[in-house]
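The sequence lines fix the lettering, A, B, ..., with proteins before strands; numbering per chain opens at 1.
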Number of protein chains: 2
Amino acid sequence: MMQLTASQIRQDLNCFGGFGQQGYGYNVAALHKEIGNIMGLDRHMPMVLIGAGNLGRTIARHMDFDSSGFRLIGIFDNSVHIVGQTIRDLVVRDAAELEDFCRAHTPRAAVLCIPKEVAFETTQRLMELGVNCFWNFSHYDLSLDFEGVIVENVHLGDSLMTLSYQINEAYPKTENQK
Amino acid sequence: MMQLTASQIRQDLNCFGGFGQQGYGYNVAALHKEIGNIMGLDRHMPMVLIGAGNLGRTIARHMDFDSSGFRLIGIFDNSVHIVGQTIRDLVVRDAAELEDFCRAHTPRAAVLCIPKEVAFETTQRLMELGVNCFWNFSHYDLSLDFEGVIVENVHLGDSLMTLSYQINEAYPKTENQK
DNA sequence: TAGATTGTTAATCGATTAACAATC
DNA sequence: TAGATTGTTAATCGATTAACAATC
């Protein structure tokens, strides 16, 4: 279904070890669990979310942090209109409380749902508090300015442009449209 | 800055043609425009968004469709609580109007911000209306059931798990944590 | 002409695929 | 023993890198 060959699956699994039994097959349940362990999905690492605008709220509401290796323990914003709101079971805290909160709960990871204008300073604040793993929704490239960060970027604009390219390849612009 | 080599850039550009002048260089502004043309970023293809829940509203509000090759011309939902709301400059329409609207405006692309339970039937409805290009935020794999679709998937869960894996590689679980 | 930079071909590297041994 | 399926090595393929010719 995923368009992978049997060879490729065997090769990929063998990067991490042997999980099957020759002549018999794989124990699917056990393999599934092993892969989860390799990915660290059972770690429940404390994580904070910065920026509770439309995007941040959506992420906080929709994502299943618990089954992805994380536990969302705090949501922060600097707008008086948003601070105090409850999202899921968390009350949005004032960004000014970030230092105290991080010292108390020592998260190592953060979701960045902030405008790129404040991305640098926010990242710097977090790094000083020991947070160096980022799920980055901002348009700012953290890895340029910070050493030793672990970043996973989500740039939805790139994704939409990729779709545009695929469509443009399959159905090219006609001369009239130019 | 993007960690690409000069060789790689030249090779990649030459997949589409020669845009520079030997001995002189590239005209950056012209090259930028050419790349946009290749990606079809100036097409303003009509696009509808299906599902105006948290995620759908966020996408509709945040994304710059116009500079990515699309024009968002309609937002649809089936909840009476959401239909009638205004997002940006669009009023959310009842999903029942989808057929009439598509016949009138003939969009070819759609954003799917719907639960996976209704993803199949919604896709089928859209395909019958001539919409076969999808920006898919649902957990459902369209390409399995539909031939000739162009799909760009956004699976945020995968992205978060990728971050988990990277962290788990860099900072492995200790035995105590197991 | 010398220096610089692109276009293009060749060499290298890594990933995918195929083949086969090992094992149930 | 025969069939099936994994683990692992070898062959193939494609992408990245390097080299060099072309051109300003």
Round to the nearest Å and state the distance from [X] atom [atom1] to [N] atom [atom2].
{"X": "Gln8(B)", "N": "dT12(C)", "atom1": "CD", "atom2": "C1'", "result": "14 Å"}
{"X": "Tyr24(A)", "N": "dA2(D)", "atom1": "OH", "atom2": "P", "result": "23 Å"}
{"X": "Leu4(A)", "N": "dA18(C)", "atom1": "CG", "atom2": "P", "result": "14 Å"}
{"X": "Arg10(B)", "N": "dA21(D)", "atom1": "CZ", "atom2": "C1'", "result": "12 Å"}
{"X": "Ile9(B)", "N": "dT5(C)", "atom1": "CD1", "atom2": "C1'", "result": "13 Å"}
{"X": "Phe16(A)", "N": "dT6(D)", "atom1": "CZ", "atom2": "P", "result": "18 Å"}
{"X": "Asp12(A)", "N": "dG14(C)", "atom1": "CG", "atom2": "P", "result": "16 Å"}
{"X": "Asn14(A)", "N": "dT17(C)", "atom1": "CG", "atom2": "P", "result": "16 Å"}

On DNA chain C, compare the nucleotides closest to Thr5(A) and Gly23(A); which residue's is nearer the 5' end?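 Its nucleotide being nearer the 5' end, the pick is Thr5(A).
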At under 4.0 Å between heavy atoms, what does Ser7(A) touch on the DNA or RNA strands: base, sugar-phosphate, or nothing? base
Going by modelled atom types, is there a donor-acceptor pair between the base of dT9(C) and the side chain of Gln11(B) at under 3.5 Å?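 Counting by modelled atom types and ignoring angles, a donor-acceptor contact under 3.5 Å is found here.
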Using a distance-only criterion (donor-acceptor N/O pair, under 3.5 Å, no hydrogens), is the base of dT6(C) paired with the side chain of Gln22(B)? yes
Paired with dT17(C): which nucleotide, if any, by Watson-Crick or G-U wobble criteria at under 3.5 Å for both distances? dA10(D)
Could you check which nucleotide pairs with dA22(D) in any of the strands shown, counting Watson-Crick or G-U wobble with both distances under 3.5 Å? dT5(C)
Only one of Asp158(B), Asn136(B), Asp141(B) forms a side-chain hydrogen bond (donor to acceptor under 3.5 Å, both in side chains) with Asn153(B), so which one is it? Asn136(B)
Could Asp42(B) and Lys173(A) be called an ion pair, given the rule that one side-chain N must be under 4.0 Å from one carboxylate O?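 Salt bridge flag = yes for Lys173(A) with Asp42(B).
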What do you reckon, is CZ of Phe16(B) surrounded by more than 12 foreign heavy atoms closer than 6.0 Å? yes
Please check if atom NE2 in His155(B) has more than 12 non-hydrogen atoms from other residues, nucleotides or ligands closer than 6.0 Å.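 Yes, the 6.0 Å shell around NE2 holds more than 12 heavy atoms from other groups.
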Is the phosphate of dT6(C), meaning OP1 or OP2, less than 4.0 Å from a side-chain N or O of Gln21(B)?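 No, Gln21(B) has no side-chain N/O under 4.0 Å of OP1/OP2 on dT6(C).
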Respond yes when some side-chain nitrogen or oxygen of Tyr26(B) is under 4.0 Å from OP1 or OP2 of dA4(C), and no when none is.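 No, no such contact exists.
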cation_pi(Arg108(A), Tyr171(B)) dist<6.0 Å, angle<=45: yes
